[in-house]
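For reference, the structure discussed in these notes is given below.
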Amino acid sequence: MSKQGKGKQGKQGKAKGKQGKQTIATRAADYPQWYQDVVRESGLAEPAKVVKGCMVIKPHGYAIWEKIQRDLDARFKATGHQNAYFPVLVPQSFITKEAEHVEGFAPELAVVTHAGGEKLEEPYVVRPTSETIIGHFFAKWIESHRDLPLLINQWANVMRWEKRTRLFLRTTEFLWQEGHTAHSSHEEAKQEVRRMLDIYGDFAEEILGVPVVRGVKTESEKFAGALQSLCIEAMMQDGKALQAGTSHDLGQNFGKAFDVKYQTAEGEMEYVWQTSWGVSTRLIGGLVMTHSDDNGLVLPPRVAPIHVVIVPIFRNDEQRERVLEAAKSLRTQLQAIDIAPSDCRYRDFLEVVIDERDMRPGAKYFYWEQRGVPLRVELGPRDLEKGQVCIKMRVDSAAGEGKQFLAQDEFVAGIRERMLLFQNELLARARTRMQEQTVTIDTWDEFLKVFAGEQSTFAWCHWDGTAETEAAIKAQTKVTIRCVPLPGQGPEPEEGKCVFSGKPSRQRVLMAKAY
RNA sequence: CGGGGCGUGGCGCAGUCUGGUGAGCGCGCGUGUCUGGGAGACACGAGGUCGUGGGUUCAAAUCCCACCGCCCCGACCA
């Protein structure tokens with residue numbers, strides 16, 4: 001329950017009915033509070049509290065992560081990557097081998113200085129990312145051009161001692177996948193970087209229903225130790241940006257730091273060209289802030305741990321038995337339905353729950369809505385007599401508005417299409433919102449107006465390309481350059497004047513406040 | 001690290017200013033009855049080292065000192 005809501009209720013005394021039970025702040029009243037309320041009330045996660053900045057990912061939240069993993073893992077393997085696992089502890093000296101890398105990560109490292117009751121000769125750091133230790137092993141594994149490309153992915157946890165944490169968006173420990181690859185040419189490495197970015201973009205849109213802008217990070221925003229970082233940026237409902245995934249061209253920086261060399265066909269020794277790319281449990285935060293509403297979580301079917309909840313309605317034991325029997329039969333039919341698209345590499349059967357708990361039906365509706373279950377079935381004696389079901393989608397949409405009564409056969413036959421419709425509708429809505437809120441800004445006055453106070457949106461602006469301007473804009477407005485758009489991802493390149501300095505610019509870049 | 005807030009049954013809070021009543025309220029939880037198509041009602045009940053340590057006092061949740069922790073807002077970052 002939100003503190004704000006609570007305080008008000010306390011003073012108002014006994015508010016009855018819906019208001020009295022309100023447990024989620026509204027987006028309009030307090031967006032950050034709303035986010036926290038949804039994460040808590042939907043059972044996704046809670047702050048660990050006993051461990052600073054860490055969270056407990058609860059079963060419902062972890063189930064979403066598992067769905068994310070399932071899909072991404074299939075995409076990685078389809079493009080020739082293999083999973084492996086490296087130690088969570090990294091010798092401290094490894095981190096210091098790549099100059100920019102140390103500088104970027106040193107402030108947020110957790111260090112193990114004692115173990116086994118003794119002080120360690122050399123401390124270990126808890127990995128904030130694994131470029132260094134993987135570089136070490138790549139050096140051992142790669143000898144010949146025949147060993148390349150080497151395409152590795154790791155599903156892991158990492159730890160970064162961030163100053164400020166928020167559930168899913170930024171926690172001290174988080175779960176992610178990190179891809180690490182080594183190639184024999186820069187060209188091939190760059191293709192890999194772009195290929196993985198496209199996988200992330202496709203995944204975000206097709207599976208999470210989160211539209212993204214694909215682009216290139218500026219020098220000051222790129223990964224510590226990379227030549228170039230590509231990213232996907234998503235717009236949250238408050239107009240702020242969330243970096244939803246990154247793919248880095250590491251050049252030969254780590255190859256040189258860790259002496260990862262191979263012998264070419266011509267017999268020369270060369271350093272490898274490396275890439276790394278990752279997405280994290282942050283995606284779940286982005287998912288929440290893209291689709292959810294004031295009633296709680298809203299989930300696209302392709303990441304929903306539960307697709308359908310059946311709420312039985314009855315007045316007595318006799319009815320209860322009949323209804324439950326019918327509900328189980330319906331569940332059996334539904335569970336056999338695979339909602340994966342035809343080109344999907346795994347099967348995605350409907351998950352169906354019958355809520356047999358001893359609660360009033362209305363309380364159950366509320367409960368499952370908060371948890372984002374896409375479709376609810378109410379099944380009572382009247383429905384059994386008529387061979388029908390009463391259904392309701394989590395959000396009114398092309399997939400269904402309000403309560404609908406359908407013949408049970410018709411419902412079962414059409415549920416796959418209904419789920420896919422709902423999936424598409426959520427993406428379409430998010431895309432429409434992003435497009436409608438994206439603006440083009442040419443003057444500094446207008447810029448200040450658009451980004452006044454806590455306000456944010458996506459703004460295409462000319463930029464003179466200097467780090468000084470970028471820093472000045474950030475200092476004055478908290479607005480950052482999210483990315484320089486890849487071709488087709490933003491306005492066509494055009495000559496213009498920097499929105500801040502008035503100096504010449506060749507292209508508009510994406511600006512927004514960010515999480 | 002700067003600013004703010006907060007540690008009291010499972011959760012959220014009141015009580016602290018002004019020390020002294022039997023530590024209270026809401027939600028949740030348990031049992032029972034009536035109920036059941038949008039958060040049901042009633043009855044009974046269980047549940048507490050008041051963050052930790054020290055101090056003042058006849059007496060401390062309350063005053064003083066120190067410490068620990070968490071949350072929120074900023075600067076840094078997936």
Side-chain angles (χ1 to χ4, degrees), chain A residues 1-7 9-11 13-23 30 32-33 36 40-41 46-54 103-108 128-129 158-178 200 217 220-224 229 231-233 242-248 276-286 295 311-317 319-320 323 357-370 376-383 389-390 392 402-403 405 454 474-475 478 480 514-515:
Chain A
M1 180 169 286
S2 77
K3 289 183 180 179
Q4 212 181 43
K6 251 180 184 163
Q9 280 160 32
K11 269 152 205 159
K14 38 77 226 317
K16 277 222 168 172
K18 230 176 185 177
Q19 270 83 32
K21 293 281 188 179
Q22 192 67 44
T23 52
D30 189 343
Q33 186 66 54
Q36 290 185 71
R40 185 189 59 252
E41 293 300 321
E46 65 182 53
K49 294 203 171 186
V50 289
V51 186
K52 184 180 168 71
C54 290
E103 202 184 324
F105 283 103
E108 50 192 63
T129 178
V158 289
M159 183 165 269
R160 299 181 185 178
W161 218 260
E162 302 287 356
K163 304 294 184 199
R164 183 169 161 221
T165 57
R166 283 167 183 270
L167 289 173
F168 288 116
L169 301 176
R170 183 172 301 103
T171 45
T172 302
E173 180 188 12
F174 57 97
L175 304 184
W176 75 347
Q177 59 68 217
E178 47 180 327
Y200 288 155
K217 283 292 181 192
S220 59
E221 295 274 338
K222 74 174 189 188
F223 177 75
S229 292
C231 64
I232 53 173
E233 295 284 328
L242 183 76
Q243 180 176 312
T246 48
S247 184
H248 313 294
S276 69
W277 27 274
V279 298
S280 72
T281 35
R282 165 180 276 188
L283 288 174
I284 296 173
N295 295 319
V311 178
I313 310 291
F314 49 83
R315 292 172 182 277
N316 53 46
D317 284 350
Q319 288 185 345
R320 179 174 187 276
V323 169
R357 292 177 299 172
D358 184 21
M359 291 164 67
R360 299 276 297 213
K364 294 179 181 176
Y365 303 160
F366 185 78
Y367 178 90
W368 293 108
E369 276 171 16
Q370 280 190 329
R376 179 179 80 231
V377 176
E378 299 171 23
L379 197 62
R382 292 208 298 267
D383 303 309
V389 290
C390 173
K392 186 172 188 304
K403 288 192 184 182
F405 293 87
E454 284 299 303
K474 185 175 180 180
K478 296 178 200 163
T480 51
Y515 278 99

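Throughout, a chain's letter reflects where its sequence line sits, starting with A, and its residues are numbered from 1. The figures that follow rest on heavy atoms only: side chains count, while hydrogens, waters and symmetry mates do not. Predicted model only: the values in this text are computed from it and were never measured.
T165(A) comes within 4.0 angstrom of sugar-phosphate atoms only, judged by non-hydrogen atoms across all strands, and of no base. As judged by a 4.0 angstrom heavy-atom cut-off over every strand, S280(A) is placed among the base-contacting residues. As judged by a 4.0 angstrom heavy-atom cut-off over every strand, Q243(A) is placed among residues touching the sugar-phosphate backbone only. Nucleic acid contact for K217(A): none, since no nucleic acid atom lies under 4.0 Å from a heavy atom of the residue. Residue contacts shown for D383(A) include a base, since a base heavy atom lies under 4.0 Å away. Residue-level contact check: P107(A) touches neither bases nor backbone, having no heavy atom under 4.0 Å from any strand. The residue G380(A) sits close to a base: some heavy atom pair falls under 4.0 Å. If you check every strand for non-hydrogen atoms under 4.0 Å, L242(A) touches nothing.
A cation-pi contact, defined as under 6.0 Å to the ring centre and within 45° of the axis, links R357(A) to Y367(A). Taking the ring centre of Y515(A) as origin, the terminal cationic atom of R166(A) falls outside the region bounded by 6.0 Å and 45° from the ring axis. Cation-pi check for R320(A) over F314(A) is met; the charged atom lies under 6.0 angstrom from the ring centroid and within 45 degrees of its normal.
Using N1 to N3 plus N6-O4 or O6-N4 for Watson-Crick, or N1-O2 and O6-N3 for G-U wobble, each under 3.5 Å, rG2(B) pairs with rC73(B). In this structure, rC25(B) and rG12(B) make a Watson-Crick or G-U wobble pair, each of the two defining distances being under 3.5 angstrom. rU57(B) is unpaired under the criterion used here, namely a Watson-Crick or G-U wobble arrangement in which both key atom distances are under 3.5 Å. rG7(B) and rC68(B) make up a base pair, with Watson-Crick or G-U wobble contacts both under 3.5 Å. Taking a pair to require two hydrogen-bonding distances under 3.5 Å in either a Watson-Crick or a G-U wobble arrangement, rU49(B) remains unpaired. Nucleotide rA43(B) has rU31(B) as its partner under the Watson-Crick or G-U criteria, with both atom distances under 3.5 Å.
Here rG12(B) presents its C1' atom at 11 Å from CD of E41(A), a figure rounded to the nearest Å. In this structure, E108(A) places its CD atom 14 Å from C1' of rA75(B), rounding to the nearest Å. Atom-to-atom, CZ of R166(A) to P of rC70(B) comes out at 18 Å; the value is rounded to the nearest Å. The interatomic distance linking L379(A) (CG) with rG37(B) (P) rounds to 14 Å, in whole Å. Separating the NZ atom of K222(A) from the C1' atom of rC77(B) is a distance of 16 Å, rounded to the nearest angstrom. For the pair R320(A) CZ and rU35(B) P, the computed distance is 17 Å after rounding to whole Å. Look at CG on L167(A): it is 12 Å from C1' on rC72(B), rounded to the nearest Å. Distance CD (Q177(A)) to P (rA78(B)): 14 Å, rounded to an integer number of Å.
Comparing atom distances between the Q36(A) side chain and each of rC72(B), rG36(B), rC77(B) picks out rC72(B) as nearest. For K403(A), counting side-chain heavy atoms from C-beta on, the closest listed nucleotide (rG36(B), rG37(B), rC77(B)) is rG37(B). Among the nucleotides rG38(B), rA78(B), rA75(B), the one closest to the side chain of K478(A) is rA75(B). Nearest to the side chain of A363(A), among rA78(B), rG40(B), rG37(B), sits rG40(B).
For F174(A) and rA78(B), the ring-to-base geometry satisfies the stacking test (centroid distance below 5.5 Å, interplanar angle below 30°).
Note on R376(A): every side-chain N or O is 4.0 Å or more away from OP1 and OP2 of rG38(B). For the OP1/OP2 pair of rG37(B) and a distance below 4.0 Å, the side-chain nitrogens and oxygens of K364(A) include no atom meeting the criterion. Regarding contacts with the backbone of rG40(B), a side-chain N or O of R360(A) is found under 4.0 angstrom from either OP1 or OP2. For the pair R170(A) and rA78(B), the criterion of a side-chain N or O lying under 4.0 Å from OP1 or OP2 is not met.
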task = Show the numbers, then the answer: is there a side chain to side chain donor-acceptor pair (under 3.5 Å) between S276(A) and H248(A)?
result = CA-CA 5 Å; S276(A) 69; H248(A) 313 294; 4.6 Å; no

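Electrostatic pairing of E378(A) and K364(A) does not count as a salt bridge here, judged by no charged N lying under 4.0 Å from a carboxylate O. A salt bridge links R376(A) with E369(A): the closest approach of a Lys/Arg side-chain nitrogen to an acidic carboxylate oxygen falls below 4.0 angstrom.
Centroid-to-centroid, the aromatic rings of F105(A) and F223(A) come within less than 6.0 Å.
Sequence order on RNA chain B of the closest nucleotides to T281(A) and I313(A) puts I313(A) first from the 5' end.
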